[in-house]
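First comes the structure, then the notes that go with it.
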Amino acid sequence: MGKGQFEFKYYNGKQILEEEQELLRQMYGVFKSRACNKEGVLEYLGEDTTVCCMFDGDNCVGFSWLAFCNEEHLAELCWFVTDKNKLSGLEAKIMLDEVLGYCKAQGVKSVKFNCFDKSWGRIKDKEKLFRK
């Protein structure tokens, strides 16, 4: 796969922790590219956590961690991380579009972005981005 041709796979937390050790290692690599220093945080993935992983070939180049509250038709985006060395901001938008489309397909009416303010980089108007 080349740039712009990504594959998305969804996992629950239990799958990643118990069955996908190589994927977990790659996810830590994505964190490290952003200097997140969040060693160990992925070990807290819950069984019902949904993780969308973005792949370029066999390489995980980004992921988002979603928590759903089905009764309220709400999703919380807890992590949205892309590999700084492998993706541009425009390619990260592809993953955001994928995640939001997945949420819509699950009947979600509202998404809460629970991400660090500094993670938005140069984006000045987040609300405008979300409306698009």
Side-chain angles (χ1 to χ4, degrees):
M1 273 184 225
K3 292 224 180 251
Q5 298 178 4
F6 300 104
E7 182 179 3
F8 296 92
K9 294 181 183 176
Y10 290 84
Y11 302 87
N12 66 42
K14 183 176 181 179
Q15 284 176 295
I16 292 173
L17 293 173
E18 295 180 5
E19 303 166 19
E20 300 289 341
Q21 291 303 304
E22 173 58 21
L23 175 57
L24 186 61
R25 186 190 64 72
Q26 289 184 32
M27 291 168 73
Y28 277 119
V30 172
F31 263 138
K32 288 179 183 176
S33 81
R34 292 287 176 178
C36 289
N37 298 325
K38 297 295 180 192
E39 199 67 38
V41 70
L42 292 174
E43 294 168 11
Y44 295 101
L45 288 169
E47 254 183 60
D48 58 346
T49 299
T50 300
V51 179
C52 173
C53 292
M54 180 179 190
F55 291 91
D56 186 0
D58 291 334
N59 299 312
C60 178
V61 294
F63 64 92
S64 60
W65 172 347
L66 296 159
F68 291 95
C69 179
N70 295 326
E71 302 82 31
E72 296 181 31
H73 304 284
L74 175 72
E76 183 174 4
L77 182 60
C78 302
W79 288 102
F80 186 88
V81 188
T82 58
D83 192 311
K84 184 178 183 176
N85 303 314
K86 297 178 182 174
L87 294 181
S88 70
L90 293 176
E91 292 168 322
K93 172 85 167 67
I94 294 169
M95 186 168 74
L96 181 61
D97 290 343
E98 167 68 26
V99 168
L100 293 176
Y102 180 82
C103 288
K104 280 184 184 179
Q106 301 303 309
V108 169
K109 305 285 186 220
S110 181
V111 177
K112 178 183 176 188
F113 288 81
N114 185 16
C115 302
F116 293 128
D117 285 337
K118 70 179 183 175
S119 68
W120 294 100
R122 296 182 307 245
I123 298 171
K124 303 274 188 266
D125 188 354
K126 292 183 280 191
E127 297 305 318
K128 182 178 178 183
L129 174 67
F130 300 149
R131 284 191 300 272
K132 288 182 180 181

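Below, all heavy atoms of this structure are taken into account, side chains as well, without hydrogens, waters or symmetry copies. Computed from a prediction, not measured in an experiment: that's the story for all the values here.
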| said: I'd like to know if the side chain of Asn59 and the backbone of Val61 have a donor-acceptor N/O pair within less than 3.5 Å. | reply: no
| Counting only N and O atoms by type, is there a donor-acceptor contact under 3.5 Å from the side chain of Thr82 to the main-chain atoms of Gly62? | no
Nearest atoms (heavy-atom pairs only) where [X] meets [Y]:
X	Y	value
Val30	Asp83	CG1-N, 3.7 Å
Phe55	Cys53	CE1-CB, 3.5 Å
Gln21	Ile16	NE2-O, 3.9 Å

Hey, could you give me the [atom1]/[atom2] distance between [X] and [Y], rounded to the nearest 0.5 Å?
X	Y	atom1	atom2	value
Trp79	Ser64	CH2	OG	12.5 Å
Phe80	Phe63	CZ	CZ	11.0 Å
Phe6	Glu98	CZ	CD	12.0 Å
Leu23	Lys9	CG	NZ	9.0 Å
Thr49	Glu76	OG1	CD	10.5 Å
Met54	Lys86	CE	NZ	12.0 Å

| field | Parallel, tilted or perpendicular: rings of Tyr10 and Tyr102 (30°, 60°) | value |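 Rings of Tyr102 and Tyr10: parallel, as their planes differ by under 30°.
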| Do Leu74 and Leu100 belong together in a cluster built from hydrophobic side chains that touch within less than 4.5 Å? | no
| Over 12 non-hydrogen atoms of neighbours within 6.0 angstrom of CD in Glu47 |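 Not buried by this count: 12 neighbours or fewer within 6.0 Å.
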| request: Quick one: list whatever passes salt bridge (Lys or Arg N to Asp or Glu O under 4.0 Å) with Glu22, sequence neighbours left out. | output: Arg25
